[in-house]
Amino acid sequence: MFWKIGTFKGFSSNYALFQYMIHCLVSPAPLPPLRFSFLFVCALFGRKRAFESPWRTLFQPLLELHPDMKTRAFCRFSGQMSSSRWKICALLLVFFYSFTSGVYVGINIGTDMSNLPSPSEIVSILQHHGIKHVRLFDADHQMLYALANTGIEVMVGVPNGQILQIGESKTEAANWINKNIAAFVPATNITYIAVGDEVLTTIPNAALVLVPALQFLESALLAANLNFQVKVSSPHSMGVIQKSFPPSTATFNSTWNSVMVQYLQFLKNTGSSFMLNAQPYYGYTAGGGIFPLEYALFRMLNPNKQIVDPNTLFSYSNMFDAMVDAAYYSMEAVNFSAIPVIVTATGWPWFGGANEKDADVDNALAYNSNLIRHVLNGSGTPSQPSLPINTYISALFNEDLRSGAVSEKNWGLFFPNGTTVYSLNFGDVAELDTNSTGLVGVFCIALSSANRTALKEGLDWACGPGGANCSAIQPGQPCYDANDLVAIASYAFNDYYHRMQASGGTCNFGNTATITQVDPSHGSCIFAGSTGSNTSSGGSFSPPTSAFGPISPGNGGSTSQPTEFISLVLLSALLFFINL
């Protein structure tokens, strides 16, 4: 286990790396991400020597721009290097740049529900849908065991109720790390500890022990030689920011200034990230119409509705970026910079009460599919375009036991039996581009109870001004049926929806249409969004009653990493044949 080699005393660089390579080859767990290999190499090369060279001057800017702050913190710790080692480390960084991408979209796994699937069933869902990063709100041991040897990166939570105990005792912090982290790595790929959730705004009486809790947990990780593998931070709500728009004037609420400065200094010292729960749904609904819905949903804004920060003249195409930039500017206001933001919770409810008209499937699908595309393109925010925004969507399941409005219970992507509320693609940008709408398994169909005149009007609009491709419902074509207006309208409505949803198109047509996951394709009549199967993947939008069945891993859930294996072998060969 490379992080337990310590200071590498008694090991030559080549021999230590060879041992690590052998460990990776014989381990049942998938290979760690390449960035951890890079950290290991930096540690092997590092020496506490006062030295300056042109190679360090060249390499340092690349290091500063690297999206993985763990790498930067580790290599700074490594100290000054000899010229030949800086040359090799520079080459290695370029090598790793070609194989890694630091940006990802993960998902939160809340458990406030009456029918929670078993840990193995949850992992099966994750693997089947290619979800490779998860946030847990506690350190449930059965869940951590189930995630072992899957390669899924895990953020483990310290519940709010445990912060006081940990923040007042180094011994309690050490016990927590030993029981909940050290006992599970490396088999379970734990990379972050989220201490509490929105502590400052929900349990302000714990504010004074929040930073000590972070520090004690970090010390325990250091003692266990896990401080480079696992980072510690604490998620905050937008409530810690006094005024978030325009972003350039954002500052932290003065009530928390002292705590926030200590918190940011801790993040700076440890190379960790600022955790932010950024929820445009709340920002939009609380705004009372100040901001257009398109702005909250990442949809294209009307030219006369552009959102511009008057101080920086940065144009904001979505509320998500504005919220994240508000956090960056708030940090700058207290003289902290270069601390990356991780969005630990964001999403959109798919169902709400009578007075929550914006909580619907249409908007939830639009928000989350556009969010994934936005995050995975790695463009950052207007003020920090070089810093990707790693993000966790809320949530894996609906949580029927949550208190509050109806919408609070309906943020999930899945029902307890594993069927989807609506489909999202968690793949990379290239995979998203192969199905640009991101609406696989989701269909817009005409209601069989709809007024026939209204249906005909909707059909005419979809095939005319709406721009739907209606060639398949012309006489003689596979989807034409002169006796079934509902079927013909369904094809046109669905084609329009798939073409236009990302830019604001909805499935309404004068209240004559609805969203479904039952594939309406039949014979050679294939609807947009179909996977080629005419079977239902989830039915209507109410909790299904069928029992949970085993889900075979899909391509996205594969844990094989041939690229990383090849890269590790090449890296090992490089170090063996270069005279250090």
Go through E399 and K409 one step at a time and tell me if the salt bridge (charged side-chain N to carboxylate O under 4.0 Å, His left out) criterion holds. CA-CA 5 Å; E399 296 180 86; K409 308 172 190 293; over 6 Å; no
Could you give me the CA-CA distance, side-chain angles and deciding distance for W350 and N398, then say whether side chain to side chain donor-acceptor pair (under 3.5 Å) is met? CA-CA 10 Å; W350 63 269; N398 297 317; 2.8 Å; yes
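- Using the six-membered ring where Trp is involved, Y367 and F298 have ring planes that are tilted, between 30° and 60° apart.
- In terms of heavy atoms, A206 sits closest to V199 at CB-CG1, 4.1 Å.
- A513 meets the side chain to side chain contact (heavy atoms under 4.5 Å, CB included) test with C444, F493, C507, F509; sequence neighbours excluded.
- With hydrogens and angles disregarded, a donor-acceptor distance shorter than 3.5 Å links the side chain of D400 to the backbone of S114.
- The side chain to side chain donor-acceptor pair (under 3.5 Å) contacts involving residues 197-207 comprise R135-D197, D197-N277, E198-N277, T201-S237, where partners must be two or more places apart or lie in separate chains.
- The side chain to side chain contact (heavy atoms under 4.5 Å, CB included) test applied to S379 returns H374, N377, not counting sequence neighbours.
- Between the side chain of W256 and the backbone N or O of F252 there is no donor-acceptor pair closer than 3.5 Å.
- Without hydrogens or angle criteria, T391 side chain to I389 main chain gives a donor-acceptor distance under 3.5 Å.
- T285 contributes a side-chain N or O that, together with a main-chain N or O of Y281, makes up a donor-acceptor pair within less than 3.5 Å.
- Ring orientation note: the planes of F184 and H141 are nearly perpendicular, at an angle over 60° on the 30°/60° scale.
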Worked check of ring-ring contact (aromatic ring centres under 6.0 Å, His included) between Y104 and Y392: CA-CA 9 Å; Y104 60 81; Y392 292 81; 5.8 Å; yes
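- Here Y316 and Y295 keep their ring centres 6.0 angstrom or further from each other.
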ring-ring contact (aromatic ring centres under 6.0 Å, His included) assessment of F245 paired with F291: CA-CA 11 Å; F245 196 89; F291 297 108; 5.7 Å; yes
